[in-house]
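I have placed the structure first, in the form of C-alpha coordinates, so that the comments after it can refer back to it.
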Amino acid sequence: MVPDAVKLNNAALTKLPIAAPSYDRSKLSVGIAHIGAGHFHRAHQAAYIDRLLEQGLAHEWGICGVGVLPENWPMRDVLRDQDELYMLICQYPDCSQEARVIGSIIDYRYAPDDPEAVIEVLAAATTRIISLTITEGGYRDPDGLAFGMITEALARRRDRGIAAPTILSCDNIESNGEVTCRVIVANAEHRDPALAEWVAEHVRFPNSMVDRITPATTPEMTAEVQREFGIADRWPVLTEPFAAWVIEDNFADGRPPLEQADVLLVDDVVPYELMKLRLLNAGHQCLAYFAHLCGFEFVHDAARDPLFAKFLLDYFESEAIPTLAPVPGIDLHEYSRTLIERFANPGVGDKVARLCAYSSDRIPKWLIPVICDNLASDGSVRLAAATVASWARYAEGVDEWGNPFEVVDQLADSLVPIARSQHENPTAFIEITGLFGDLACQPRFVQAYLWALDSLHRKGARATLEALLQ
(Lines give C-alpha, C1' and ligand atoms only; values in the text may rest on other atoms or scores of the structure.)
Protein backbone atom coordinates (compact mmCIF):
# COMPACT_ATOMS: atom_id res chain seq x y z
CA MET A 1 0.00 0.00 0.00
CA VAL A 2 1.26 3.46 -0.92
CA PRO A 3 2.08 5.54 2.20
CA ASP A 4 -0.69 8.00 3.08
CA ALA A 5 -3.10 6.42 0.56
CA VAL A 6 -6.71 6.77 1.64
CA LYS A 7 -8.39 3.42 2.23
CA LEU A 8 -11.49 3.17 0.06
CA ASN A 9 -14.71 2.70 2.06
CA ASN A 10 -17.88 4.59 2.95
CA ALA A 11 -16.12 6.70 5.57
CA ALA A 12 -13.67 8.01 2.95
CA LEU A 13 -16.21 9.15 0.36
CA THR A 14 -16.22 12.80 1.40
CA LYS A 15 -12.44 13.18 1.33
CA LEU A 16 -11.45 11.53 -1.92
CA PRO A 17 -9.65 13.50 -4.67
CA ILE A 18 -11.87 12.01 -7.40
CA ALA A 19 -15.59 11.88 -8.22
CA ALA A 20 -17.56 9.69 -5.82
CA PRO A 21 -21.24 8.88 -5.22
CA SER A 22 -23.23 11.92 -4.17
CA TYR A 23 -26.30 9.77 -3.47
CA ASP A 24 -27.00 8.22 -0.09
CA ARG A 25 -26.02 4.56 -0.46
CA SER A 26 -27.71 3.70 2.84
CA LYS A 27 -31.07 4.37 1.20
CA LEU A 28 -30.52 1.99 -1.71
CA SER A 29 -32.20 -1.41 -1.88
CA VAL A 30 -31.26 -4.45 -3.94
CA GLY A 31 -33.27 -4.76 -7.14
CA ILE A 32 -30.66 -6.54 -9.25
CA ALA A 33 -28.70 -9.66 -8.34
CA HIS A 34 -25.75 -10.05 -10.67
CA ILE A 35 -23.96 -13.39 -10.95
CA GLY A 36 -20.34 -12.87 -11.95
CA ALA A 37 -19.50 -9.38 -10.66
CA GLY A 38 -16.02 -9.32 -12.17
CA HIS A 39 -14.12 -6.58 -13.93
CA PHE A 40 -16.45 -6.39 -16.95
CA HIS A 41 -19.66 -6.11 -14.95
CA ARG A 42 -18.09 -3.44 -12.77
CA ALA A 43 -16.97 -1.46 -15.84
CA HIS A 44 -20.28 -1.84 -17.61
CA GLN A 45 -23.64 -2.67 -16.00
CA ALA A 46 -22.71 -1.40 -12.53
CA ALA A 47 -21.43 1.85 -14.06
CA TYR A 48 -24.72 2.38 -15.91
CA ILE A 49 -26.73 1.92 -12.70
CA ASP A 50 -24.34 4.28 -10.90
CA ARG A 51 -25.05 6.89 -13.56
CA LEU A 52 -28.78 6.56 -12.93
CA LEU A 53 -28.28 6.85 -9.18
CA GLU A 54 -26.36 10.09 -9.68
CA GLN A 55 -29.45 11.42 -11.48
CA GLY A 56 -31.62 10.59 -8.47
CA LEU A 57 -33.10 7.59 -10.25
CA ALA A 58 -33.16 3.84 -9.58
CA HIS A 59 -32.76 3.80 -5.78
CA GLU A 60 -34.64 0.50 -5.71
CA TRP A 61 -32.22 -0.98 -8.27
CA GLY A 62 -29.05 -1.39 -6.22
CA ILE A 63 -26.93 -4.41 -7.12
CA CYS A 64 -26.04 -7.47 -5.09
CA GLY A 65 -23.02 -9.14 -6.66
CA VAL A 66 -22.88 -12.94 -6.52
CA GLY A 67 -19.75 -15.05 -6.86
CA VAL A 68 -20.13 -18.74 -7.69
CA LEU A 69 -16.61 -19.87 -8.58
CA PRO A 70 -13.94 -20.92 -6.07
CA GLU A 71 -11.65 -18.20 -7.44
CA ASN A 72 -14.22 -15.51 -6.58
CA TRP A 73 -13.33 -15.47 -2.88
CA PRO A 74 -10.79 -12.61 -3.23
CA MET A 75 -13.54 -10.44 -4.72
CA ARG A 76 -15.70 -11.28 -1.71
CA ASP A 77 -13.01 -10.12 0.69
CA VAL A 78 -12.08 -6.97 -1.24
CA LEU A 79 -15.61 -5.72 -1.74
CA ARG A 80 -16.64 -6.43 1.84
CA ASP A 81 -13.56 -4.63 3.12
CA GLN A 82 -14.33 -1.62 0.89
CA ASP A 83 -18.09 -1.45 1.54
CA GLU A 84 -18.56 -2.76 -2.04
CA LEU A 85 -16.95 0.42 -3.42
CA TYR A 86 -14.33 0.43 -6.18
CA MET A 87 -12.68 2.82 -8.60
CA LEU A 88 -13.45 2.87 -12.32
CA ILE A 89 -10.67 4.48 -14.32
CA CYS A 90 -11.37 5.45 -17.92
CA GLN A 91 -8.19 5.41 -20.01
CA TYR A 92 -8.12 7.70 -23.05
CA PRO A 93 -5.93 7.16 -26.14
CA ASP A 94 -3.79 10.18 -25.23
CA CYS A 95 -3.04 8.43 -21.89
CA SER A 96 -5.16 10.86 -19.87
CA GLN A 97 -7.44 9.36 -17.23
CA GLU A 98 -10.84 9.97 -15.68
CA ALA A 99 -11.56 8.23 -12.39
CA ARG A 100 -14.72 7.74 -10.38
CA VAL A 101 -15.79 5.66 -7.39
CA ILE A 102 -18.76 3.44 -8.26
CA GLY A 103 -21.36 2.88 -5.53
CA SER A 104 -24.13 0.89 -7.22
CA ILE A 105 -23.04 -2.48 -5.80
CA ILE A 106 -24.35 -2.50 -2.23
CA ASP A 107 -23.96 -6.15 -1.30
CA TYR A 108 -21.87 -9.15 -2.33
CA ARG A 109 -22.56 -12.81 -1.65
CA TYR A 110 -20.13 -15.67 -2.20
CA ALA A 111 -22.22 -18.74 -2.96
CA PRO A 112 -19.71 -21.40 -1.76
CA ASP A 113 -19.91 -19.76 1.70
CA ASP A 114 -23.69 -19.88 1.97
CA PRO A 115 -25.64 -21.01 -1.10
CA GLU A 116 -28.89 -20.84 0.83
CA ALA A 117 -28.44 -17.12 1.47
CA VAL A 118 -27.73 -16.51 -2.21
CA ILE A 119 -30.83 -18.42 -3.27
CA GLU A 120 -32.92 -16.30 -0.90
CA VAL A 121 -31.52 -13.13 -2.50
CA LEU A 122 -32.47 -14.48 -5.93
CA ALA A 123 -35.91 -15.50 -4.66
CA ALA A 124 -36.69 -12.22 -2.91
CA ALA A 125 -39.64 -10.23 -4.23
CA THR A 126 -37.47 -7.10 -4.31
CA THR A 127 -34.96 -8.76 -6.67
CA ARG A 128 -36.65 -8.06 -9.97
CA ILE A 129 -33.70 -8.66 -12.29
CA ILE A 130 -31.17 -11.50 -12.13
CA SER A 131 -28.33 -10.72 -14.52
CA LEU A 132 -25.28 -12.73 -15.52
CA THR A 133 -21.75 -12.40 -16.81
CA ILE A 134 -20.51 -15.96 -16.40
CA THR A 135 -18.36 -16.02 -19.60
CA GLU A 136 -19.13 -17.93 -22.76
CA GLY A 137 -17.98 -21.16 -21.14
CA GLY A 138 -20.46 -20.85 -18.28
CA TYR A 139 -23.31 -21.87 -20.56
CA ARG A 140 -21.63 -25.19 -21.31
CA ASP A 141 -22.37 -26.27 -17.73
CA PRO A 142 -26.16 -26.05 -17.40
CA ASP A 143 -26.00 -28.11 -14.20
CA GLY A 144 -23.53 -25.74 -12.59
CA LEU A 145 -24.04 -23.72 -9.45
CA ALA A 146 -25.30 -20.55 -11.15
CA PHE A 147 -28.15 -22.16 -13.08
CA GLY A 148 -28.96 -24.54 -10.23
CA MET A 149 -29.42 -21.65 -7.80
CA ILE A 150 -31.52 -19.68 -10.28
CA THR A 151 -33.80 -22.66 -10.86
CA GLU A 152 -34.24 -23.22 -7.12
CA ALA A 153 -34.98 -19.52 -6.61
CA LEU A 154 -37.60 -19.61 -9.37
CA ALA A 155 -39.24 -22.62 -7.72
CA ARG A 156 -39.45 -20.74 -4.42
CA ARG A 157 -40.94 -17.69 -6.13
CA ARG A 158 -43.61 -19.81 -7.75
CA ASP A 159 -44.42 -21.63 -4.49
CA ARG A 160 -44.56 -18.36 -2.54
CA GLY A 161 -46.64 -16.46 -5.10
CA ILE A 162 -43.81 -14.00 -5.82
CA ALA A 163 -43.67 -12.34 -9.24
CA ALA A 164 -41.28 -13.83 -11.77
CA PRO A 165 -38.07 -11.89 -12.44
CA THR A 166 -36.27 -10.90 -15.60
CA ILE A 167 -33.15 -12.97 -16.23
CA LEU A 168 -30.72 -10.86 -18.24
CA SER A 169 -27.64 -12.45 -19.79
CA CYS A 170 -24.84 -9.98 -20.51
CA ASP A 171 -22.42 -12.49 -22.04
CA ASN A 172 -20.97 -12.51 -25.56
CA ILE A 173 -23.23 -15.18 -26.99
CA GLU A 174 -25.52 -14.87 -29.98
CA SER A 175 -29.14 -14.68 -28.75
CA ASN A 176 -27.87 -14.82 -25.18
CA GLY A 177 -31.33 -14.42 -23.69
CA GLU A 178 -32.72 -17.30 -25.71
CA VAL A 179 -29.75 -19.49 -24.78
CA THR A 180 -30.29 -18.69 -21.09
CA CYS A 181 -33.99 -19.44 -21.40
CA ARG A 182 -33.32 -22.85 -22.92
CA VAL A 183 -30.87 -23.79 -20.16
CA ILE A 184 -33.13 -22.71 -17.30
CA VAL A 185 -36.32 -24.18 -18.76
CA ALA A 186 -34.47 -27.48 -19.29
CA ASN A 187 -33.28 -27.40 -15.67
CA ALA A 188 -36.79 -26.67 -14.47
CA GLU A 189 -38.23 -29.45 -16.65
CA HIS A 190 -35.82 -31.92 -15.08
CA ARG A 191 -36.96 -30.81 -11.65
CA ASP A 192 -40.70 -30.37 -12.23
CA PRO A 193 -42.52 -30.02 -15.59
CA ALA A 194 -45.03 -27.66 -13.97
CA LEU A 195 -42.16 -25.39 -12.91
CA ALA A 196 -40.87 -25.36 -16.49
CA GLU A 197 -44.29 -24.24 -17.68
CA TRP A 198 -44.38 -21.46 -15.07
CA VAL A 199 -40.91 -20.27 -16.07
CA ALA A 200 -41.74 -20.28 -19.77
CA GLU A 201 -44.95 -18.33 -19.17
CA HIS A 202 -43.81 -15.76 -16.62
CA VAL A 203 -40.03 -15.25 -16.63
CA ARG A 204 -38.56 -12.94 -19.27
CA PHE A 205 -35.17 -13.50 -20.92
CA PRO A 206 -34.31 -10.43 -23.01
CA ASN A 207 -31.40 -10.62 -25.44
CA SER A 208 -28.72 -8.00 -24.92
CA MET A 209 -25.50 -6.71 -26.43
CA VAL A 210 -22.73 -5.31 -24.24
CA ASP A 211 -19.65 -3.53 -25.51
CA ARG A 212 -16.73 -2.14 -23.54
CA ILE A 213 -13.14 -3.38 -23.71
CA THR A 214 -12.07 -4.08 -20.15
CA PRO A 215 -8.86 -5.98 -19.35
CA ALA A 216 -8.46 -7.98 -16.18
CA THR A 217 -6.97 -5.97 -13.32
CA THR A 218 -3.35 -6.85 -12.55
CA PRO A 219 -1.33 -6.15 -9.39
CA GLU A 220 0.70 -3.68 -11.44
CA MET A 221 -2.48 -1.78 -12.39
CA THR A 222 -3.59 -1.72 -8.76
CA ALA A 223 -0.25 -0.35 -7.58
CA GLU A 224 -0.22 2.31 -10.30
CA VAL A 225 -3.75 3.45 -9.40
CA GLN A 226 -2.72 3.87 -5.76
CA ARG A 227 0.34 5.90 -6.76
CA GLU A 228 -1.61 8.04 -9.23
CA PHE A 229 -4.67 8.83 -7.10
CA GLY A 230 -3.56 8.24 -3.51
CA ILE A 231 -6.45 5.84 -2.92
CA ALA A 232 -5.97 2.31 -1.62
CA ASP A 233 -8.37 0.29 -3.79
CA ARG A 234 -7.42 -3.37 -3.85
CA TRP A 235 -9.38 -4.13 -7.02
CA PRO A 236 -9.88 -1.10 -9.29
CA VAL A 237 -11.15 -1.48 -12.84
CA LEU A 238 -9.52 0.11 -15.88
CA THR A 239 -11.49 0.47 -19.10
CA GLU A 240 -11.86 2.43 -22.33
CA PRO A 241 -14.07 5.51 -22.93
CA PHE A 242 -16.42 3.67 -25.29
CA ALA A 243 -19.42 1.88 -23.80
CA ALA A 244 -22.62 0.55 -25.35
CA TRP A 245 -25.52 -1.52 -24.06
CA VAL A 246 -28.44 -2.63 -26.22
CA ILE A 247 -31.29 -4.56 -24.57
CA GLU A 248 -34.49 -6.09 -25.86
CA ASP A 249 -37.21 -4.19 -24.00
CA ASN A 250 -38.85 -7.30 -22.54
CA PHE A 251 -38.95 -7.24 -18.74
CA ALA A 252 -41.16 -9.26 -16.38
CA ASP A 253 -41.47 -6.95 -13.38
CA GLY A 254 -40.32 -3.47 -14.32
CA ARG A 255 -36.83 -2.15 -15.00
CA PRO A 256 -34.63 0.84 -14.20
CA PRO A 257 -35.04 3.84 -16.52
CA LEU A 258 -32.02 2.65 -18.47
CA GLU A 259 -32.69 4.95 -21.41
CA GLN A 260 -31.76 7.84 -19.09
CA ALA A 261 -28.24 6.37 -18.99
CA ASP A 262 -28.00 6.06 -22.80
CA VAL A 263 -28.88 2.37 -22.91
CA LEU A 264 -30.60 1.53 -26.18
CA LEU A 265 -33.89 -0.34 -25.61
CA VAL A 266 -35.02 -2.06 -28.81
CA ASP A 267 -37.44 -4.68 -30.11
CA ASP A 268 -34.72 -6.71 -31.83
CA VAL A 269 -31.14 -6.96 -30.53
CA VAL A 270 -29.93 -9.42 -33.19
CA PRO A 271 -28.41 -6.89 -35.65
CA TYR A 272 -26.48 -5.22 -32.83
CA GLU A 273 -25.23 -8.43 -31.24
CA LEU A 274 -24.09 -9.90 -34.57
CA MET A 275 -22.27 -6.66 -35.34
CA LYS A 276 -20.41 -6.81 -32.07
CA LEU A 277 -19.67 -10.55 -32.10
CA ARG A 278 -18.47 -10.68 -35.71
CA LEU A 279 -16.54 -7.41 -35.68
CA LEU A 280 -15.20 -6.64 -32.20
CA ASN A 281 -15.05 -10.14 -30.70
CA ALA A 282 -14.02 -11.96 -33.85
CA GLY A 283 -11.66 -9.08 -34.64
CA HIS A 284 -9.90 -9.68 -31.34
CA GLN A 285 -9.42 -13.32 -32.38
CA CYS A 286 -8.08 -12.28 -35.79
CA LEU A 287 -5.45 -10.21 -34.03
CA ALA A 288 -4.66 -12.39 -31.03
CA TYR A 289 -2.82 -15.45 -32.29
CA PHE A 290 -0.85 -13.70 -35.03
CA ALA A 291 0.13 -11.07 -32.48
CA HIS A 292 1.22 -13.69 -29.94
CA LEU A 293 3.25 -15.56 -32.56
CA CYS A 294 4.92 -12.28 -33.57
CA GLY A 295 5.94 -11.63 -29.96
CA PHE A 296 3.52 -8.83 -29.03
CA GLU A 297 2.56 -8.62 -25.37
CA PHE A 298 0.03 -5.77 -25.57
CA VAL A 299 -2.95 -5.49 -27.88
CA HIS A 300 -2.36 -1.81 -28.58
CA ASP A 301 1.15 -2.44 -29.90
CA ALA A 302 -0.14 -5.01 -32.38
CA ALA A 303 -3.10 -2.85 -33.44
CA ARG A 304 -0.76 0.09 -34.05
CA ASP A 305 1.34 -2.01 -36.41
CA PRO A 306 0.17 -1.08 -39.96
CA LEU A 307 0.29 -4.72 -41.06
CA PHE A 308 -2.09 -5.83 -38.30
CA ALA A 309 -4.36 -2.81 -38.78
CA LYS A 310 -4.70 -3.61 -42.48
CA PHE A 311 -5.37 -7.29 -41.76
CA LEU A 312 -8.15 -6.35 -39.34
CA LEU A 313 -9.71 -3.80 -41.68
CA ASP A 314 -9.60 -6.24 -44.61
CA TYR A 315 -11.29 -8.91 -42.48
CA PHE A 316 -13.98 -6.44 -41.41
CA GLU A 317 -14.65 -5.15 -44.92
CA SER A 318 -14.32 -8.28 -47.05
CA GLU A 319 -15.55 -11.07 -44.77
CA ALA A 320 -17.43 -9.87 -41.67
CA ILE A 321 -19.53 -6.93 -42.86
CA PRO A 322 -20.92 -8.83 -45.90
CA THR A 323 -22.53 -11.31 -43.48
CA LEU A 324 -24.31 -8.59 -41.47
CA ALA A 325 -27.71 -7.04 -41.97
CA PRO A 326 -28.01 -3.24 -41.65
CA VAL A 327 -27.85 -2.08 -38.04
CA PRO A 328 -30.23 0.79 -37.21
CA GLY A 329 -28.35 4.00 -36.51
CA ILE A 330 -24.87 2.54 -37.08
CA ASP A 331 -22.49 2.77 -40.05
CA LEU A 332 -20.75 -0.62 -39.98
CA HIS A 333 -17.72 0.65 -41.91
CA GLU A 334 -17.23 3.52 -39.48
CA TYR A 335 -17.74 1.18 -36.51
CA SER A 336 -15.00 -1.08 -37.95
CA ARG A 337 -12.55 1.78 -38.28
CA THR A 338 -13.37 2.85 -34.74
CA LEU A 339 -12.60 -0.67 -33.50
CA ILE A 340 -9.04 -0.46 -34.73
CA GLU A 341 -8.65 2.85 -32.89
CA ARG A 342 -10.08 1.24 -29.73
CA PHE A 343 -7.77 -1.76 -30.00
CA ALA A 344 -4.84 0.67 -30.38
CA ASN A 345 -5.61 2.58 -27.15
CA PRO A 346 -2.42 2.23 -25.05
CA GLY A 347 -4.15 3.41 -21.90
CA VAL A 348 -6.24 0.25 -21.66
CA GLY A 349 -3.18 -1.98 -21.43
CA ASP A 350 -5.04 -5.03 -22.70
CA LYS A 351 -2.82 -8.08 -23.09
CA VAL A 352 -2.65 -10.38 -26.08
CA ALA A 353 -2.62 -13.37 -23.73
CA ARG A 354 -6.12 -12.46 -22.49
CA LEU A 355 -7.48 -12.57 -26.03
CA CYS A 356 -5.81 -15.92 -26.70
CA ALA A 357 -7.30 -17.60 -23.62
CA TYR A 358 -10.32 -19.91 -23.72
CA SER A 359 -10.41 -19.88 -27.51
CA SER A 360 -12.51 -23.04 -27.72
CA ASP A 361 -15.37 -21.03 -26.20
CA ARG A 362 -14.81 -18.05 -28.47
CA ILE A 363 -13.82 -19.02 -32.01
CA PRO A 364 -16.85 -21.32 -32.54
CA LYS A 365 -19.26 -18.61 -31.40
CA TRP A 366 -17.66 -15.55 -32.99
CA LEU A 367 -15.67 -16.51 -36.08
CA ILE A 368 -17.00 -19.85 -37.34
CA PRO A 369 -20.47 -18.34 -38.10
CA VAL A 370 -18.77 -15.78 -40.38
CA ILE A 371 -17.00 -18.58 -42.23
CA CYS A 372 -20.17 -20.65 -42.59
CA ASP A 373 -22.20 -17.70 -43.89
CA ASN A 374 -19.52 -16.84 -46.46
CA LEU A 375 -19.21 -20.45 -47.59
CA ALA A 376 -22.97 -20.50 -48.14
CA SER A 377 -22.95 -17.22 -50.10
CA ASP A 378 -19.70 -17.85 -52.02
CA GLY A 379 -18.02 -15.05 -50.07
CA SER A 380 -14.37 -14.80 -49.10
CA VAL A 381 -13.05 -16.97 -46.25
CA ARG A 382 -9.30 -16.45 -46.71
CA LEU A 383 -8.66 -14.22 -43.71
CA ALA A 384 -10.97 -16.03 -41.30
CA ALA A 385 -9.47 -19.38 -42.36
CA ALA A 386 -6.01 -17.94 -41.72
CA THR A 387 -7.16 -16.86 -38.26
CA VAL A 388 -8.28 -20.42 -37.50
CA ALA A 389 -4.88 -21.62 -38.73
CA SER A 390 -3.16 -19.10 -36.45
CA TRP A 391 -5.12 -20.55 -33.52
CA ALA A 392 -4.10 -24.07 -34.54
CA ARG A 393 -0.45 -22.96 -34.73
CA TYR A 394 -0.74 -21.15 -31.37
CA ALA A 395 -2.31 -24.25 -29.79
CA GLU A 396 0.96 -26.13 -30.35
CA GLY A 397 2.20 -24.25 -27.29
CA VAL A 398 5.60 -23.37 -28.77
CA ASP A 399 6.50 -19.97 -30.22
CA GLU A 400 8.49 -19.25 -33.36
CA TRP A 401 11.72 -19.22 -31.38
CA GLY A 402 11.12 -22.66 -29.92
CA ASN A 403 10.04 -21.41 -26.49
CA PRO A 404 7.14 -23.25 -24.84
CA PHE A 405 4.17 -21.37 -23.38
CA GLU A 406 0.96 -22.35 -21.61
CA VAL A 407 -2.18 -22.67 -23.72
CA VAL A 408 -4.96 -21.45 -21.44
CA ASP A 409 -8.11 -23.30 -22.41
CA GLN A 410 -10.43 -25.73 -20.67
CA LEU A 411 -9.76 -28.13 -23.60
CA ALA A 412 -6.00 -27.60 -23.60
CA ASP A 413 -5.22 -31.20 -22.59
CA SER A 414 -6.77 -32.45 -25.81
CA LEU A 415 -6.16 -29.44 -28.10
CA VAL A 416 -2.40 -29.23 -27.65
CA PRO A 417 -1.60 -32.83 -28.63
CA ILE A 418 -3.92 -32.58 -31.63
CA ALA A 419 -2.31 -29.29 -32.71
CA ARG A 420 1.16 -30.83 -32.42
CA SER A 421 0.08 -33.73 -34.61
CA GLN A 422 -0.77 -31.46 -37.54
CA HIS A 423 2.78 -31.62 -38.87
CA GLU A 424 1.88 -35.19 -39.89
CA ASN A 425 -1.87 -34.64 -40.39
CA PRO A 426 -2.44 -30.99 -41.42
CA THR A 427 -6.23 -31.16 -41.02
CA ALA A 428 -6.11 -32.78 -37.55
CA PHE A 429 -7.13 -29.59 -35.73
CA ILE A 430 -10.12 -28.71 -37.89
CA GLU A 431 -11.33 -32.32 -37.73
CA ILE A 432 -12.50 -31.60 -34.15
CA THR A 433 -16.18 -31.60 -35.10
CA GLY A 434 -17.28 -30.35 -31.68
CA LEU A 435 -15.56 -27.05 -32.49
CA PHE A 436 -15.67 -26.85 -36.28
CA GLY A 437 -18.65 -28.90 -37.40
CA ASP A 438 -18.07 -30.06 -40.97
CA LEU A 439 -15.55 -27.39 -41.99
CA ALA A 440 -12.93 -30.08 -42.61
CA CYS A 441 -15.22 -31.29 -45.42
CA GLN A 442 -15.53 -27.84 -47.05
CA PRO A 443 -12.90 -27.71 -49.83
CA ARG A 444 -12.76 -23.92 -50.14
CA PHE A 445 -12.18 -23.46 -46.42
CA VAL A 446 -9.71 -26.36 -46.20
CA GLN A 447 -7.64 -25.00 -49.08
CA ALA A 448 -7.33 -21.57 -47.47
CA TYR A 449 -6.67 -23.07 -44.04
CA LEU A 450 -3.94 -25.44 -45.25
CA TRP A 451 -2.17 -22.67 -47.16
CA ALA A 452 -2.09 -20.47 -44.06
CA LEU A 453 -1.03 -23.27 -41.70
CA ASP A 454 1.80 -24.30 -44.03
CA SER A 455 2.95 -20.70 -44.33
CA LEU A 456 2.87 -20.25 -40.56
CA HIS A 457 5.07 -23.32 -40.12
CA ARG A 458 7.51 -22.51 -42.93
CA LYS A 459 7.65 -18.71 -42.98
CA GLY A 460 6.21 -17.50 -39.67
CA ALA A 461 3.32 -15.28 -38.67
CA ARG A 462 4.46 -11.94 -40.04
CA ALA A 463 5.40 -13.28 -43.45
CA THR A 464 2.05 -15.09 -43.61
CA LEU A 465 0.17 -11.85 -42.93
CA GLU A 466 2.20 -10.04 -45.57
CA ALA A 467 1.41 -12.73 -48.15
CA LEU A 468 -2.29 -12.69 -47.23
CA LEU A 469 -2.49 -8.96 -47.82
CA GLN A 470 -0.58 -8.79 -51.10
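Just so you know, these numbers use all the heavy atoms, side chains as well, and skip hydrogens, waters and symmetry mates. Here, residue 1 is the first one in the sequence, and each next residue gets the next number.
- The pair Glu152-Arg156 counts as a salt bridge, with a side-chain nitrogen and a carboxylate oxygen less than 4.0 angstrom apart.
- Comment: Lys276 does not engage Glu273 in a salt bridge, judged by the lack of any side-chain N to carboxylate O separation of less than 4.0 angstrom.
- The list of salt bridge (charged side-chain N to carboxylate O under 4.0 Å, His left out) pairs with a residue in residues 158-168, not counting sequence neighbours, reads Glu120-Arg160, Arg158-Asp192.
- Listed by chain and number, the residues in a side chain to side chain donor-acceptor pair (under 3.5 Å) with Arg100 are Asp50, Glu54 (sequence neighbours excluded).
- Gln82 and Asp233 are linked by a side-chain donor-acceptor pair at a separation below 3.5 angstrom, with hydrogens and angles left out of the test.
- Ring centers of Trp73 and Tyr110: at least 6.0 Å apart, outside the cut-off.
- Open room surrounds CG on Asp413; 12 or fewer heavy atoms of other groups in view lie less than 6.0 Å from it.
- A distance-only check finds a donor-acceptor pair linking the side chain of Trp366 to the backbone of Asn172 [under 3.5 Å].
- In summary, the side chains of Ser131 and His34 do present a donor paired with an acceptor at a separation below 3.5 Å, with no hydrogens or angles considered.
- Under a cutoff of 6.0 Å and an axis angle of 45°, Arg42 and Tyr86 form a cation-pi pair.
- In this structure, a donor-acceptor pair under 3.5 Å is present between the side chains of Thr323 and Arg278.
- Looking at Asn9, its side chain does come within 3.5 Å of a backbone N or O of Ala11 through a donor-acceptor pair.
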